[in-house]
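For reference, the structure is listed below as structure tokens.
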Amino acid sequence: MKTSNLLLATQRENPSDAEAPSHKLMIRAGLIRQVASGIYNWLPTGKKILRKVEEIIRKEMDDAGGQEILMPMVQPAELWHESGRIDQYGQELLTFKDRHDREFCLGPTHEEVITDLCRNVIRSHKQLPITLYQIQTKFRDEIRPRFGVMRSREFIMKDAYSFDLDSEGLDTSYSNMKETYIKIFNLLGLDYRIVKADSGAIGGSDSEEFHVLADSGEDLLAFSDKSDYAINAELLTELQDEQDPSSLEGKPSPDGKGNLKLKRGIEVGHIFKLGTKYSESLKLSIQSEGGNIFPEMGCYGIGASRIVAAAIEQNYDEKGIKWPEALSPYQVAIVEANPKKNPAITTKCSEIYKDLKDNDIDVLWDDRDKRPGVKFTDMELIGIPKMIIVGENSLEADEVELKMRGEEKFDLISPHEILSNL
Ligand code: ATP
Ligand code: MG
């Protein structure tokens, strides 16, 4: 891709309403633009990163035996009456009526729709176990949208649902998903922790959250300094009948090993054992050898759009974003410095560009008619891990500059060595 053809939309100024570093940087790097409170456009570079997150999730979900489906964003409120969740879910559920006066809602999650689908299509116990998933837009009318796409009203979630014949089956499906999440978050290159969690409005028993560690995280997490005990501090205060989650620092760990330490986290994934809550209320009954059963369900969410912001919270400096390899929108940038001084500069950039593309390297060529400083600033702000600078002086010596994001120094290398250096 050449920047002259790309809707780049970088800006120098910090948006006045942004507090979190990732929010500021996503706007400044031209990844997102707000449409309304908690509702965003994803621009080409941002969408490319989001797609990388989605592709990593999709591949691991497929490898784990998940089957991808797509459910609608608009759901009949009737299903929410059937499950009994319509009042419980509260005002985050945005409801509206169609022209026939029928009530609908925008899906904040899809337990009702998936259970309704399965009661219509699953005919035999031989079809279980099954795990179905989608990567799709959710809407929650959050009371206080903030931090850009980290807590937005409209966002992209991967949600998966497992159906098993019995609770041992659910244990297996849940462990399978937990292992899959570990693979996904390792591949994303994030520093994360798994903690015990509250199952909240969704209902059910066991539940664990995956948190990216970051100072800007909204959740407080408590860890034992002597064992692998880890819990969302909110749940621990509830269990211990206390008020203030931050009172959980220095106290003995509930597992009897060591003392608790607190850290802040951003919830990027959540897995639950739902049991038969939805299969019973929505009457998903399946004939099995021992009579009719209600399948044991699990549900598993990952905040795909939130991950983009969370990854930035762990990877930035004063110049901008520093993408981990797995998420970077481009692997390398070519900066054409002062091409008007010497036409050989553009010719060399064009050769390098073609060579990289022929070798399947995702490259962004900054060919704009701008000062080199402006180009460096933009490429560093967007966070591309490597930059090749083609300028008059080095080119005369048949060399180009190779600079790594986050380092001040650059190496002079021959254009023939570029591929081996990448
Ligand atoms: P939170 O506690 O942050 O409000 P939640 O527990 O309500 O999240 P889940 O129902 O577990 O969220 O949804 C699964 C995942 O969807 C979360 O782990 C999170 O990554 C993502 N998510 C939830 N709410 C939002 C939001 N408002 N904006 C962006 N991502 C979200
Ligand atoms: Mg959650």
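Computed over heavy atoms, backbone and side chain alike; hydrogens, waters and symmetry mates excluded. Atoms within a ligand are numbered from 1 in the order they appear, just like the ligands themselves. Here the structure is a predicted model, which means the values were calculated and not measured.
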For the Mg ion (ligand 2), the nearest N/O/S atom on Glu267 is atom OE2
Judged by heavy atoms only, the candidate from Glu154, Glu267, Arg151, Glu92 nearest atom 4 (O) of ligand 1 is Arg151
Tell me whether the rings of Phe96 and Phe104 are parallel (<30°), tilted (30 to 60°) or perpendicular (>60°).
parallel
The answer for which part of Arg140 has a heavy atom under 4.0 Å from ligand 1 is side chain
> Applying a strict 4.0 Å limit to heavy atoms, is Val268 in contact with ligand 1?
Replying inline: yes
Ranking Gly38, Ala309, Ser152 by closest non-hydrogen atom to atom 28 (N) of ligand 1, top hit is Ser152
- Test Arg264 against Asp219 for side chain to side chain contact (heavy atoms under 4.5 Å, CB included), laying out the working first. CA-CA 6 Å; Arg264 293 210 153 264; Asp219 288 46; over 6 Å; no
Looking at Met157, Lys158, Arg144, the heavy atom closest to atom 13 (O) of ligand 1 belongs to Met157
Counting heavy atoms under 4.0 Å, the part of Ile307 that contacts ligand 1 is neither
With a 4.5 Å heavy-atom cut-off, do Arg405 and Lys319 have their side chains touching? yes
Among Ser207, Pro145, Gly303, Gly301, closest by heavy atom to atom 21 (C) of ligand 1 is Gly303
For His270, the N, O or S atom at the shortest distance from the Mg ion (ligand 2) is ND1
**Message:** Students often mix this up, so state it plainly: with edges at 30° and 60°, are the rings of Trp365 and Tyr353 parallel, tilted or perpendicular?
**Reply:** tilted
- May I ask whether Gly269 has any heavy atom positioned less than 4.0 angstrom from an atom of ligand 1? yes
Is there a heavy atom of Asp159 sitting under 4.0 angstrom from any atom of ligand 1?
no
message: Whether the side chain of Ser224 engages the backbone of Leu260 through a donor-acceptor N/O pair (distance < 3.5 Å, no angle test) should be reported.
response: no
>> Less than 4.0 angstrom from a charged side-chain N to a carboxylate O is my criterion; do Arg151 and Glu142 meet it?
In response: yes
Does Lys273 count as lying over the ring of Tyr174, i.e. NZ or CZ under 6.0 Å from the six-ring centre, within 45 degrees of the axis?
-> yes
Between the side chains of Arg119 and Glu82, is the shortest nitrogen-to-carboxylate-oxygen separation below 4.0 Å, so that they form an ion pair? yes
